[in-house]
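Structure first, then comments.
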Amino acid sequence: MEHTENNAIYTAGYRCPSNIALVKYWGKKSGGVQLPANPSISWSLGDLYAATTVKAMQKVDGQSFVFTLAGESKPSFEPKIAQFLSKIAADCPWLSDFTLFIDSENNFPHGTGIASSAAGFGALGMCLAHIEQHIHGSSDLSTQVNGMDFWQRSSYLSRIGSGSACRSMFDKPAVWGLAEAVDGSSDLFAVPLDGDIHPNLQGWKDVVLIVDDGEKSVSSTAGHALLDAHPYAQARFGQAQKNLGLLVLAMREGNVDQFIAIVESEALQLHAMMMTSLPYYVLMRPNTLAIIEKIWSFRESSKLPLCFTLDAGANVHLLYDGKIDETLMNFVQTTLLPYCKNGQYLCSETGKRPIAIL
Ligand code: PMV
């Protein structure tokens, strides 16, 4: 942090992971900004991150922000950031005094269909929460702002940019949304799951198999909105609530079979909701299913701890216990690579927290 009295400059920088949901957020509550219709839980993906720095300077030419992507101007990103800043303006009145110089960079290719907005808005929310702490006179991030500590406030602000981004702040599994099974859970920000996770479900990794690296035919924003009039919505929200409770139990007890059953069911329920929306749509591609079937038959024959999940897209996340890394990567190389677009895949550990870079 840099701060000079005469010419106030506040800076902050964070490297913030993306995350993958195990129980999915799909659908928003009405009557609020970005409130989830059901609770979700995720693992952070520490090796797939956004590195963002923000410099807040006394307002220059009435501009609220200047954005660069790895140092280069990127006008196509500006509307999303402008919209985000206007949504948090009432909550962060200090913003009106400053121009924010925001520079951001992902360490994975943009447009590979993995949650770049979760990492990007996660990092931006953390930078803003950090600067806000200093404007409120705290140098150790301990000050509560609007009744929230630094982590809650980072998550709260990120949530406004992209709902799933609010879960990117923690090394423990992150729970967002009022969950019957998790004390202290909230619709406003994510919380780290307290208590111990069984060693069977620690140290898992993710290989993201890139089936399609193009733009999605239906955006997440449009997809969420289709749940408002979805005939199965209430049943789905109930299932997610129940699945979250069962998943937390499975993680505490180390019940890998139960974990796998819930995670895969959640992925398919997410896509089933898309396929039964009106208008209906399908984001899976033939190779998505081909990979899922290969994963199922490999698990059947090897009995190894691994499963798949899906995001709102065609790519497949292959989750597995890090202890079987070598066998797993061999399976990926020999069996799954032919189904990946141009042989692309990305690897990450789970459960890593953000890092301050300034
Ligand atoms: O964060 P959004 O609004 O892009 O929603 C994405 C939701 C899913 O990625 C499909 C599921 C989840 O919980 O991350």
Side-chain angles (χ1 to χ4, degrees), residues 16-29 32-45 48 50 80 83-84 87 110-125 155-170 173-179 185 187-191 193 206 208 212 215-228 230 233 236-237 239-241 243-244 247 262-275 277 281-284 288 308-317 319 348 350:
C16 182
S18 181
N19 69 79
I20 181 68
L22 305 169
V23 170
K24 308 293 180 183
Y25 149 58
W26 200 237
K28 304 183 194 198
K29 278 187 182 136
V33 182
Q34 206 91 292
L35 302 177
N38 64 260
S40 56
I41 184 167
S42 61
W43 274 336
S44 67
L45 299 176
L48 306 175
K80 261 198 155 178
Q83 199 184 26
F84 167 61
K87 281 188 187 161
H110 182 75
T112 41
I114 71 162
S116 54
S117 64
F121 277 111
L124 183 55
S155 178
Y156 174 96
L157 293 175
S158 305
R159 179 196 105 233
I160 314 281
S162 162
S164 52
C166 79
R167 296 184 313 234
S168 276
M169 266 103 248
F170 310 101
V175 177
W176 172 41
L178 277 171
S185 56
D187 284 345
L188 299 178
F189 46 76
V191 294
L193 186 65
D206 187 3
V208 193
D212 191 349
E215 278 291 309
K216 284 184 282 195
S217 57
V218 178
S219 71
S220 287
T221 307
H224 284 290
L226 290 173
L227 272 272
D228 293 347
H230 197 297
R236 162 64 199 153
F237 302 150
Q239 280 281 308
Q241 187 69 254
N243 279 344
L244 195 139
L247 190 87
I262 295 168
V263 168
E264 293 194 343
S265 169
E266 276 289 320
L268 295 178
Q269 283 189 35
L270 170 68
H271 283 257
M273 295 307 282
M274 296 169 186
M275 289 188 255
S277 292
Y281 61 107
V282 183
L283 295 184
M284 286 192 266
T288 311
F308 77 87
T309 187
L310 304 167
D311 234 324
N315 301 333
V316 181
H317 289 247
L319 301 173
S348 180
T350 67

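Keep in mind that what you see is a predicted model, and the values were worked out from it rather than measured. Both counts, for ligands and for their atoms, begin at 1 and track the order of listing.
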> Heavy-atom contacts under 4.0 Å between Ala21 and ligand 1: side chain, backbone, both, or neither?
Replying inline: side chain
>> Could you check whether any side-chain heavy atom of Met274 comes within less than 4.5 Å of a side-chain heavy atom of Met284, counting everything from C-beta outward?
In response: no
> For Gln34, which of Lys28, His224, Arg159 qualifies under side chain to side chain donor-acceptor pair (under 3.5 Å)?
Replying inline: Lys28
> In ligand 1, which numbered atoms sit nearer than 4.0 Å to a non-hydrogen atom of Ala312?
Replying inline: 10 (C)
> Between Ser40 and ligand 1, does any nitrogen or oxygen pair lie at a separation below 3.5 Å?
Replying inline: no
>> For atom 6 (C) of ligand 1, tell me which residue out of Met273, His224, Glu266 has the closest non-hydrogen atom.
In response: His224
> Per the side-chain contact (heavy atoms from CB on, under 4.5 Å) rule, which among Phe189, Trp43, Trp176 passes with Arg167?
Replying inline: Trp176
> Without hydrogens or angle criteria, can the side chains of Lys24 and Thr309 be said to hold a donor-acceptor pair below 3.5 Å?
Replying inline: yes
> For ligand 1, which atoms sit closer than 4.0 Å to a heavy atom of Asp311?
Replying inline: 8 (C), 9 (O), 10 (C)
>> Using heavy-atom distances only, which candidate in Ala165, Ser219, Ser164 approaches atom 1 (O) of ligand 1 most closely?
In response: Ser164
> Taking the side chain from Glu266 and the backbone from Leu22, do they hold a donor-acceptor pair closer than 3.5 Å?
Replying inline: no
>> Can you tell me which residue among Ser164, Ser168, Ser40, Ser44 is in a side chain to side chain donor-acceptor pair (under 3.5 Å) with Asn19?
In response: Ser168
> ligand 1 and Lys28, any nitrogen or oxygen pair closer than 3.5 angstrom?
Replying inline: no
> Under 3.5 Å, N or O to N or O, is Ser117 touching ligand 1 that way?
Replying inline: no
> Are any of the heavy atoms in Arg167 under 4.0 Å away from ligand 1?
Replying inline: yes
>> When you compare ligand 1 with Ser162, is there at least one nitrogen or oxygen pair between them that comes in under 3.5 angstrom?
In response: yes
